[in-house]
Amino acid sequence: PDGVTEFSIGGNSSFYPNEALKSVVWPVSLKEASGFDAAVALETVYYRGSELEWSLVDFGESAGNFEGVNVVFDYTGA
């Protein structure tokens, strides 16, 4: 939800192996996230902030999983 500033559950393999997680809505307040290492099917991130704000997010060891993912900036949907 909006207002979340950090996300980390169960270490870097929280979604391992998760082929069902295809998209997430990402609040602009979330500046640090780990746990997406095995989110191998992630296709789209609906980001509530700008491209510049996205570039400042710290993905830790999960950074590689966001390469090639379609990011929709300034998302206002549910």
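Predicted model only: the values in this text are computed from it and were never measured.
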Would you check, one step at a time, whether the test side-chain contact (heavy atoms from CB on, under 4.5 Å) holds for Arg48 with Val25? CA-CA 8 Å; Arg48 297 201 186 276; Val25 176; 3.4 Å; yes

Contacts table for residues 67-78: side-chain donor-acceptor under 3.5 angstrom, sequence neighbours left out:
none

Any heavy-atom pair between the side chains of Val24 and Tyr46 that's under 4.5 Å? no

Could you list the donor-acceptor pairs under 3.5 angstrom formed by side chains in residues 51-58, with sequence neighbours left out?
from  : atom 1 : to    : atom 2 : distance (Å)
Glu53 : OE1    : Ser50 : N      : 2.7
Glu53 : OE1    : Ser50 : OG     : 3.2
Ser55 : OG     : Leu52 : O      : 2.6
Asp58 : OD1    : Gly60 : N      : 2.9

